[in-house]
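Residues take their numbers from the sequence shown, with the count starting at 1.
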Amino acid sequence: MGTSEELRRITMTPAARRALAAAGRLFYDRGIHAVGVDLIAAEAGVTKKTLYDRFGSKEQIVVEYLADRDERWRAFLAERLDAAPPMPRARIRAVFDASRAWMSDNGSKGCSMVNAHAEISDPAHPAHAVITGQKQWMLDLFTRLARDVEGLGPDAADRLGRTLMLLHEGALVAHGLKVFPDPVAHARDEAEALLAEAAER
């Protein structure tokens, strides 16, 4: 998350895990501001007092929700990158394919970080660092992969990394909006076309 070493996290008890699972479903489906602590407690089968004893505040529940989702995404992506052939083009394709699979199973409403940022734009909110940290991590990943493309100088690789990030993030938003079918596959194909052009230069 970029600032994970500064981010306060809690130790998860079974009750806290139930509450986090309920909060995650509710926040993603209905929005963070629309979901209150009372509803989370009811859905989790815990008391409101237990919720505050475990998390301290709704803000901390939001932090845990987003941090948990980010950690699960990174582990999901790491498995697919580990299984991909070592060539840069194959690894870049693997990122888009991983996002496509993740969205199919976990992302009917689009990217949880983008959705959360629409509600949490204040840098002072403790969850803001999770949101921006995840996106910075994705940009760094695409940039590292672009720098492995043979024949690209550092400036061209950095530009390509930013372009790949824009394709990826735009696809996640389009997926949530459902404006046309399979936007992540479309973005992947456009990324491959860019890589083919870069190889020909």
Side-chain angles (χ1 to χ4, degrees), residues 1-80 98-139 165 168-184:
M1 279 159 285
T3 57
S4 58
E5 63 278 3
E6 302 160 17
L7 190 69
R8 187 175 79 81
R9 302 290 303 278
I10 68 161
T11 301
M12 285 288 169
T13 64
R17 290 191 186 283
R18 288 200 309 276
L20 182 59
R25 289 191 304 273
L26 291 165
F27 288 153
Y28 187 75
D29 290 343
R30 303 186 190 185
I32 290 167
H33 292 331
V35 173
V37 172
D38 287 332
L39 180 57
I40 296 170
E43 288 281 319
V46 301
T47 66
K48 196 162 128 179
K49 180 180 183 305
T50 296
L51 211 62
Y52 279 113
D53 284 347
R54 298 294 179 267
F55 292 92
S57 66
K58 180 182 173 182
E59 283 187 346
Q60 190 62 35
I61 301 172
V62 175
V63 167
E64 299 297 336
Y65 153 62
L66 292 171
D68 175 71
R69 206 162 162 103
D70 181 34
E71 288 165 358
R72 288 189 291 114
W73 158 245
R74 293 193 197 200
F76 184 88
L77 177 56
E79 286 181 6
R80 280 144 186 83
S99 286
R100 189 169 179 242
W102 175 270
M103 284 289 158
S104 175
D105 293 340
N106 303 282
S108 62
K109 293 182 178 291
C111 176
S112 57
M113 299 296 164
V114 171
N115 297 346
H117 191 260
E119 300 189 73
I120 302 169
S121 57
D122 181 3
H125 192 291
H128 191 269
V130 184
I131 298 165
T132 56
Q134 200 241 34
K135 295 309 179 185
Q136 183 63 54
W137 184 81
M138 288 301 299
L139 175 59
M165 167 78 168
H168 182 263
E169 296 303 309
L172 301 187
V173 172
H175 175 88
L177 293 171
K178 298 176 176 58
V179 289
F180 62 89
D182 211 351
V184 182

Taking [Y]'s backbone N and O only, do any of them form a donor-acceptor pair with [X]'s side chain (distance below 3.5 Å, no angle check)?
| X | Y | value |
| --- | --- | --- |
| His175 | Val184 | no |
| Lys58 | Val35 | yes |
| Lys178 | Ser108 | yes |
| Glu64 | Ile10 | yes |
| Tyr65 | Arg25 | no |
| Gln60 | Phe55 | no |
| Asp68 | Leu20 | no |

- Query: Any cation-pi pair here, Arg69 with Phe27, using under 6.0 Å and within 45°?
  - Reply: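 Because its charged atom misses either the 6.0 Å distance or the 45° angle limit, Arg69 does not stack over Phe27.
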Could you measure the distance from the [atom1] atom of [X] to the [atom2] atom of [Y]? Nearest 0.5 Å is fine.
| X | Y | atom1 | atom2 | value |
| --- | --- | --- | --- | --- |
| Leu139 | Thr132 | CG | OG1 | 12.0 Å |
| Leu66 | Tyr28 | CG | OH | 12.0 Å |
| Arg80 | Arg100 | CZ | CZ | 13.0 Å |

For [X] versus [Y], what's the shortest heavy-atom pair and its separation?
| X | Y | value |
| --- | --- | --- |
| Ala101 | Phe76 | CB-CZ, 3.9 Å |
| Ala15 | Arg54 | CB-NE, 4.4 Å |
| Ala127 | Val63 | N-CG2, 3.6 Å |
| Glu119 | Ile32 | OE2-N, 2.8 Å |
| Val130 | Ala67 | CG1-N, 3.7 Å |
| Pro126 | Leu7 | O-CD1, 3.6 Å |

- Geometric class of the His128/His117 ring pair [parallel <30°, tilted 30-60°, perpendicular >60°]: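 Tilted.
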- Task: Just jot down the ring pair (Phe, Tyr, Trp, His ring centres under 6.0 Å) partners of His168, sequence neighbours excluded, or say none.
- Result: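 Partners of His168 under the ring pair (Phe, Tyr, Trp, His ring centres under 6.0 Å) test: Phe96, Phe142.
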Minimum side-chain heavy-atom gap [X]-[Y] below 4.5 Å:
| X | Y | answer |
| --- | --- | --- |
| Gln134 | Ser112 | no |
| Trp73 | Met138 | yes |
| Arg30 | Leu26 | yes |
| Arg74 | Asp70 | yes |

- Message: With side-chain contact (heavy atoms from CB on, under 4.5 Å) as the criterion, how do Asn106 and Arg72 come out once you've worked through the C-alpha distance, each side chain's angles and the decisive distance to 0.1 Å?
- Response: CA-CA 11 Å; Asn106 303 282; Arg72 288 189 291 114; 4.2 Å; yes
- Item | Arg9 and Glu71 ion-paired at < 4.0 Å |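 Yes, Arg9 and Glu71 are salt-bridged.
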When the side chains of residues 38-45 are checked against the rest of the protein, which donor-acceptor pairs come out under 3.5 Å, sequence neighbours left out?
from	atom 1	to	atom 2	distance (Å)
Asp38	OD1	Lys48	NZ	3.3

